[in-house]
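Quick one: the structure is below, questions incoming.
This is a predicted model, so every value here is computed, not measured. Both counts, for ligands and for their atoms, begin at 1 and track the order of listing.
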Amino acid sequence: MPCLVIVGAQWGDEGKGKIVHLLSQYADFICRFQGGNNAGHTVVFDGNVYVLHLVPSGILQPHKKCIIGNGVVVDPEALLTELNFVKSKNMTTRNRLYISDLSHITLPYHRLMDSLGEETLGKQKIGTTKRGIGPTYSDKVARRGIRMSDFMDKETFYKLLKDNLKRNNDVLVNVYKQKKLSLEVLYRDYMKIAAKIRPYVTDTTVMVNKALDEGKNVLIESAQGTMLDLDFGTYPYVTSSNPISGGACTGLGIPPHRIEQVLGICKAYTTRVGEGPFPTELKDVTGDYLRKKGGEYGATTGRPRRCGWFDALVVRHASRINGFTGLALTKLDVLDDLDIIKICTGYKYKGKILKEFPHNRRMLEEVQPIYKQMPGWKTNTSHLKKYSDLPLNAKCYMHELEKLVGVKIAILSLGKDKYETIVLDKNITKFK
Ligand code: GDP
Ligand code: IMO
Ligand code: MG
């Protein structure tokens with residue numbers, strides 16, 4: 001039952017899409033377990049750039065099977081757009097993509113509530129992707145959500161849509177002074193979409209557990225990152241799901257003992273999109289340099305990403321919660337031209353030194369990073385194929401990160417392209 005979970009170790013956009021696509025050549029099933037189309041996963045190969053939001057990045061490997069698990073929130077309109085995108089690249093989705101009948105659906109009122117809620121928050125906004133993710137998960141937890149299986153059943157969908165729309169229209173009209181959404185129009189439009197999605201909907205828990213029983217290789221792809229986790233991230237500046245390894249069990253319906261490997265994906269520096277604390281953020285020319293060289297603009301919203309130095313407290317916190325058995329270090333090439341590279345090894349707070357990531361929101365706003373300086377390597381690394389060819393200073397930087405996080409680097413990524421990668425631990429391709 002080889003099973004590998006891929007998790008973001010920072011605030012998302014660590015390069016999960018690239019690594020999932022790379023490892024999916026060794027997988028039988030590739031599964032998403034949380035989030036929705038707030039994710040933007042970039043895959044680059046043969047000169048083409050693909051950005052996926054809902055469908056697992058494994059879909060770009062012909063013949064592999066992909067699952068959208070119960071923990072994912074699915075916007076049916078966005079899903080159709082993405083299915084058409086995949087088909088436009090001459091790749092099939094039928095009999096390759098399976099969507100859990102237990103996943104919850106995102107409807108237009110969720111998107112509206114997300115945007116209007118953010119506007120109301122003003123300066124205190126979260127900086128969401130406005131894809132309706134928070135409101136969809138809120139409905140799920142409040143036990144009024146609409147699941148894929150409800151959506152597939154005409155009468156149930158009509159009744160649930162009617163009840164939900166009534167409540168949402170009351171808020172739209174009375175609180176936000178907006179126009180009502182029409183039940184009949186929405187129902188008619190979404191019935192057409194339901195017909196197109198129906199062939200993909202099934203009980204994915206049977207499928208994934210059977211695959212594990214048969215010893216198939218299962219690769220599990222998270223969206224977002226540990227610091228955006230609803231419980232362990234920088235609350236309230238987080239997403240509304242659990243993008244951690246534990247979330248794979250609840251988001252797919254697999255028992256914890258099935259998971260054998262947990263690969264933490266982290267950038268050689270740090271980025272974050274949206275609001276919220278970011279102790280090592282650089283609001284200077286070095287931050288601008290990282291943004292430009294790293295192409296740090298959101299794959300979903302196009303927003304410039306905030307950039308900063310590698311924060312060992314963040315990745316150690318992520319390792320503790322996820323149980324990383326290895327790291328994939330991405331974007332080391334972005335640091336190629338720098339004279340000096342800094343790593344945050346602790347925080348100063350009111351005269352004290354903190355060695356672990358604090359949870360208190362006031363503390364997080366006030367902490368001052370303590371840095372260790374490392375010399376740069378001033379050499380282009382993107383074309384390198386062997387660890388032994390790396391400049392000594394790049395190796396020293398990697399070793400320092402391994403030491404501070406307490407986990408070995410299994411994969412080193414030195415460019416956007418699938419082939420700009422060095423696999424350091426071949427066991428990772430066996431998922432066990
Ligand atoms: P994800 O959300 O974790 O899948 O990451 P995104 O796709 O949102 O953002 C990562 C960005 O970095 C994408 O533009 C990737 O093409 C790019 N990328 C991934 N790995 C590397 C790398 O090692 N070097 C460089 N220069 N770019 C990379
Ligand atoms: P991938 O999978 C980076 C951030 C948003 C915002 C917060 C809440 O590509 O790594 P939401 O729309 O989820 O309610 O927004 O979470 N966010 C991401 N940041 N990468 C992502 O996904 C993200 N998905 C959500 O910017 O700060
Ligand atoms: Mg992304």
Side-chain angles (χ1 to χ4, degrees), residues 6-22 32 34-45 48-54 56-57 72-73 75 106 110-111 113-115 117-118 125-138 221-230 233-241 243 264-269 271-278 290-306 328-336 380-382 384 411-422:
I6 285 193
V7 175
Q10 294 152 323
W11 277 280
D13 303 326
E14 297 92 347
K16 298 176 292 293
K18 170 181 169 167
I19 303 297
V20 169
H21 178 250
L22 179 87
R32 265 279 300 270
Q34 49 68 235
N37 61 326
N38 47 350
H41 296 173
T42 316
V43 176
V44 181
F45 63 95
N48 294 313
V49 179
Y50 305 84
V51 181
L52 295 163
H53 302 283
L54 264 171
S57 307
V72 178
V73 288
D75 180 326
T106 298
H110 292 120
R111 292 195 295 258
M113 290 301 169
D114 195 355
S115 296
E118 282 280 274
K125 71 171 195 261
I126 288 162
T128 73
T129 59
K130 301 187 179 167
R131 298 296 188 268
I133 306 300
T136 312
Y137 279 115
S138 300
E221 170 181 9
S222 83
Q224 290 82 50
T226 305
M227 301 314 285
L228 290 171
D229 181 274
L230 184 57
T234 44
Y235 190 88
Y237 300 98
V238 292
T239 193
S240 302
S241 65
I265 318 294
C266 61
K267 274 181 193 170
Y269 50 99
T271 63
R272 135 161 246 182
V273 210
E275 310 303 317
F278 180 179
L290 292 173
R291 187 172 309 108
K292 191 154 184 263
K293 177 107 200 267
E296 297 296 357
Y297 294 88
T300 295
T301 58
R303 290 178 291 175
R305 293 175 183 150
R306 298 156 64 191
L329 187 70
T330 62
K331 304 191 98 161
L332 189 73
D333 56 296
V334 174
L335 306 181
D336 279 353
N380 179 13
T381 57
S382 280
L384 300 178
I411 297 180
L412 178 63
S413 173
L414 296 166
K416 283 173 182 287
D417 196 276
K418 173 176 157 180
Y419 299 105
E420 291 170 323
T421 315
I422 303 176

Polar contacts were defined as any N/O atom of the residue lying under 3.5 Å from an N/O atom of the ligand; does this apply to T42 and ligand 1? yes

So between G127, A299, P236, G132, whose heavy atom ends up nearest atom 5 (C) of ligand 2?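 Result: the heavy atom closest to atom 5 (C) of ligand 2 is in G127.
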
Is there a heavy atom of Q10 sitting under 4.0 angstrom from any atom of ligand 1?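 Contact absent.
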
Nearest candidate to atom 10 (C) of ligand 1, where distance is taken over non-hydrogen atoms, out of D13, L335, I6: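 Ranked by closest heavy atom to atom 10 (C) of ligand 1, first place is D13.
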
Against heavy atoms of A299, which atoms of ligand 1 measure under 4.0 Å? 8 (O)

Selected option - heavy-atom contact closest to atom 14 (O) of ligand 2, from I126, I265, V273, T128: T128

Using a 3.5 Å cut-off on N or O atoms only, is G415 in polar contact with ligand 1? yes

Between the candidates G295, G40, S413, A39, which shows the shortest non-hydrogen contact distance to atom 20 (N) of ligand 1?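 Of the listed residues, S413 has the closest heavy atom.
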
Candidate list H53, R111, R131, test side chain to side chain donor-acceptor pair (under 3.5 Å), partner D75, passing option: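 Result: among H53, R111, R131, R111 is the only option passing the side chain to side chain donor-acceptor pair (under 3.5 Å) with D75.
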
Which bit of L228 gets closer than 4.0 Å to ligand 2, counting heavy atoms only: side chain, backbone, both or neither?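 Answer for L228: side chain.
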
With heavy atoms under 4.0 Å as the rule, classify the contact between V238 and ligand 2 as side chain, backbone, both or neither.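 Answer for V238: backbone.
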
Of D114, T300, L230, T239, the one whose closest heavy atom lies nearest atom 11 (P) of ligand 2 is T239

I need the nearest protein heavy-atom contact for atom 14 (O) of ligand 1: residue, atom name and distance, please. K416 NZ, 3.3 Å

Would you tell me which option among V73, T234, T129 has the nearest heavy-atom contact to atom 12 (O) of ligand 2? T129

W11 and ligand 2 - part of the residue with a heavy-atom distance under 4.0 Å: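 Backbone only.
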
Going by the atom numbers of ligand 2, which of them fall below 4.0 Å from some non-hydrogen atom of G274?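 Those atoms are 27 (O).
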
For atom 3 (C) of ligand 2, find the nearest protein heavy atom and state the residue, atom name and distance (0.1 Å precision).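 Of every protein heavy atom, D13 OD2, 3.2 Å lies nearest to atom 3 (C) of ligand 2.
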
Heavy-atom nearest neighbour of atom 9 (O) of ligand 1 within options E14, R305, H41: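 Minimum heavy-atom distance to atom 9 (O) of ligand 1 goes to R305.
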
Would you please determine whether R303 falls within less than 4.0 Å of ligand 2 on a heavy-atom basis?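 Distance cut 4.0 Å: R303 passes for ligand 2.
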
Report yes or no: does a heavy atom of G40 sit under 4.0 Å from some atom of ligand 2?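 In this structure, G40 qualifies as a contact of ligand 2 - some heavy atom is under 4.0 Å.
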
Look at the aromatic rings of Y50 and F45 and report parallel, tilted or perpendicular, splitting at 30° and 60°.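 If you compare the ring of Y50 with that of F45, the planes turn out parallel.
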
Short list, please: which atoms of ligand 2 are under 4.0 Å from a heavy atom of G12?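 Checking each atom against G12, I get 10 (O), 20 (N).
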
Which residue supplies the protein heavy atom nearest to atom 4 (O) of ligand 1, what is that atom called, and how far is it? G17 N, 2.8 Å

In terms of side-chain geometry, is the basic nitrogen of R305 or D13 positioned less than 4.0 Å from the acidic oxygen of its partner? yes

the protein heavy atom lying closest to atom 27 (N) of ligand 1 turns out to be K331 CE, 3.4 Å

With heavy atoms of K18 as the reference, note each atom of ligand 1 found under 4.0 Å away. 20 (N)

Where ligand 1 meets G15 - atom numbers and elements under 4.0 angstrom, heavy-atom basis: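 So the answer, numbered in order with elements, is 1 (P), 3 (O), 4 (O), 5 (O).
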
Nearest heavy atoms of K16 and G8, plus distance in Å: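 Minimum heavy-atom separation between K16 and G8: CD-N, 3.8 Å.
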
For ligand 2, note which part of H41 has a heavy atom under 4.0 Å away: side chain, backbone, both or neither. side chain

With backbone taken as N, CA, C and O and side chain as the heavy atoms from C-beta onward, which portion of K16 lies under 4.0 Å from ligand 2: side chain, backbone, both, or neither? side chain

